Amino acid sequence: MQIITTAREMQQVCRALKMSRTLGFVPTMGALHDGHLSLVERALAECDAVAASIFVNPTQFAPGEDYEIYPRSFEDDCAKLEAAGTTLLFAPSAEEMYPAGATTFVEVAGLGDRLDGASRPGHFRGVATVVAKLFHIVGPERAYFGQKDAAQVAVLRAMIRDLNFPVQLVACPIVRERDGLAMSSRNRNLSASDRGRALILHRALHAASKLLERGETRAEALRRAMLEVFASDAEVRVDYAAIVDPSTLLPIADTSEGALIAVAAWVGSTRLIDNIVIESLREDKLVLESHFMEETHV
Ligand code: PAF
């Protein structure tokens with residue numbers, strides 16, 4: 001695996017590589033877990049070569065958020081990426097990505113202010129900006145993102161469409177721990193007791209999916225069931241429990257035509273997110289996020 005730290009060299013190496021091979025791209029902020037590695041695996045299955053990036057992007061953190069304490073484990077991440085078969089790793093410094101005087105940002109209006117964008121003002125402006133820059137540097141045919149960040153996926157799909165990026169965004173299923181907790185780099189910041197408490201997000205989604213299985217489609221009923229679960233632990237602070245259209249992220253009243261059921265909560269000082277996607281009930285199809293019911297034990 002070749003490690004590159006400057007945008008100019010990365011651009012040149014990627015351009016040369018793409019003369020003869022298709023290139024998949026897995027952007028990350030490091031602290032890699034099996035969810036990230038599943039993106040690399042999928043990219044390798046679909047492309048001739050895979051570039052990954054590790055960059056803890058300061059512009060997607062608001063002042064007072066967890067930028068300083070975001071987990072960092074560069075050596076360990078490199079070993080994992082190498083073992084997974086990654087071809088190139090782009091690992092720039094903050095100065096390389098945002099040279100003094102850089103003032104251009106990408107804003108996905110509307111979408112960027114919903115769900116996480118509502119509680120983390122400016123977050124998706126930072127995400128869209130850094131991903132647009134990474135796309136220009138790497139120039140991949142396909143880019144792989146985790147479905148756990150469902151709002152991020154919606155925002156980036158809109159950016160790709162609006163700015164005519166010749167990139168196909170591939171959203172990959174959430175990877176969970178054995179007990180159901182969605183894998184996240186931020187899980188490393190949970191204390192032992194908060195690690196147990198964090199399962200509440202999964203339990204809330206499970207409550208909603210149980211109701212769906214019984215034929216309940218009204219968003220308000222599903223939302224109430226999730227909030228009841230959250231109310232069982234006074235030390236967890238809910239940010240949102242939302243039932244929205246997966247593309248527009250706007251609230252919907254009924255899930256029969258498909259829905260994104262998304263939750264965010266503060267567990268101790270760590271903010272966690274999770275979701276399930278419901279496909280349309282038309283043709284009698286109720287599809288929960290893959291393996292959500294089968295592989296987890298609540
Ligand atoms: O999902 C992430 O890890 C980040 O938001 C991303 C896409 C790498 C941009 O910094």
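All ligand and atom numbering here is 1-based and tracks the order in the structure. All figures in this text were calculated on a predicted structure; none of them were measured in a lab. Reckoned from all heavy atoms, side chains included, excluding hydrogens, waters and symmetry mates.
Of all atoms in ligand 1, listed by their number and element, those nearer than 4.0 Å to a heavy atom of T28 are 8 (C). The distance from ligand 1 to the heavy atoms of V130 drops below 4.0 Å at these ligand atoms: 9 (C), 10 (O). The F145 neighbourhood of ligand 1 comprises atoms 7 (C), with distances under 4.0 Å to a heavy atom of that residue.
At least one cation-pi condition fails for K133 and F55: the charged atom is not both under 6.0 angstrom from the six-membered ring centre and inside a 45 degree cone around its axis. At least one test fails for R120 against the ring of Y67: distance under 6.0 Å to the centre or angle within 45° of the axis. Geometrically, R42 does not engage Y144 in a cation-pi contact defined by less than 6.0 Å to the ring centre and at most 45° from the axis.
Judged purely by distance below 3.5 Å, without hydrogens or angles, the side chains of N57 and Y70 never pair a donor atom with an acceptor atom.
Ring to ring, F165 and H136 are close: their centroids are under 6.0 angstrom apart.
Looking only at heavy atoms of the protein, atom 1 (O) of ligand 1 is closest to Q152 NE2, 2.9 Å. Atom 3 (O) of ligand 1 has as its closest protein heavy atom M29 CG, 3.6 Å.
Of the options K133, Q60, M97, the smallest heavy-atom separation from atom 4 (C) of ligand 1 is shown by Q60.
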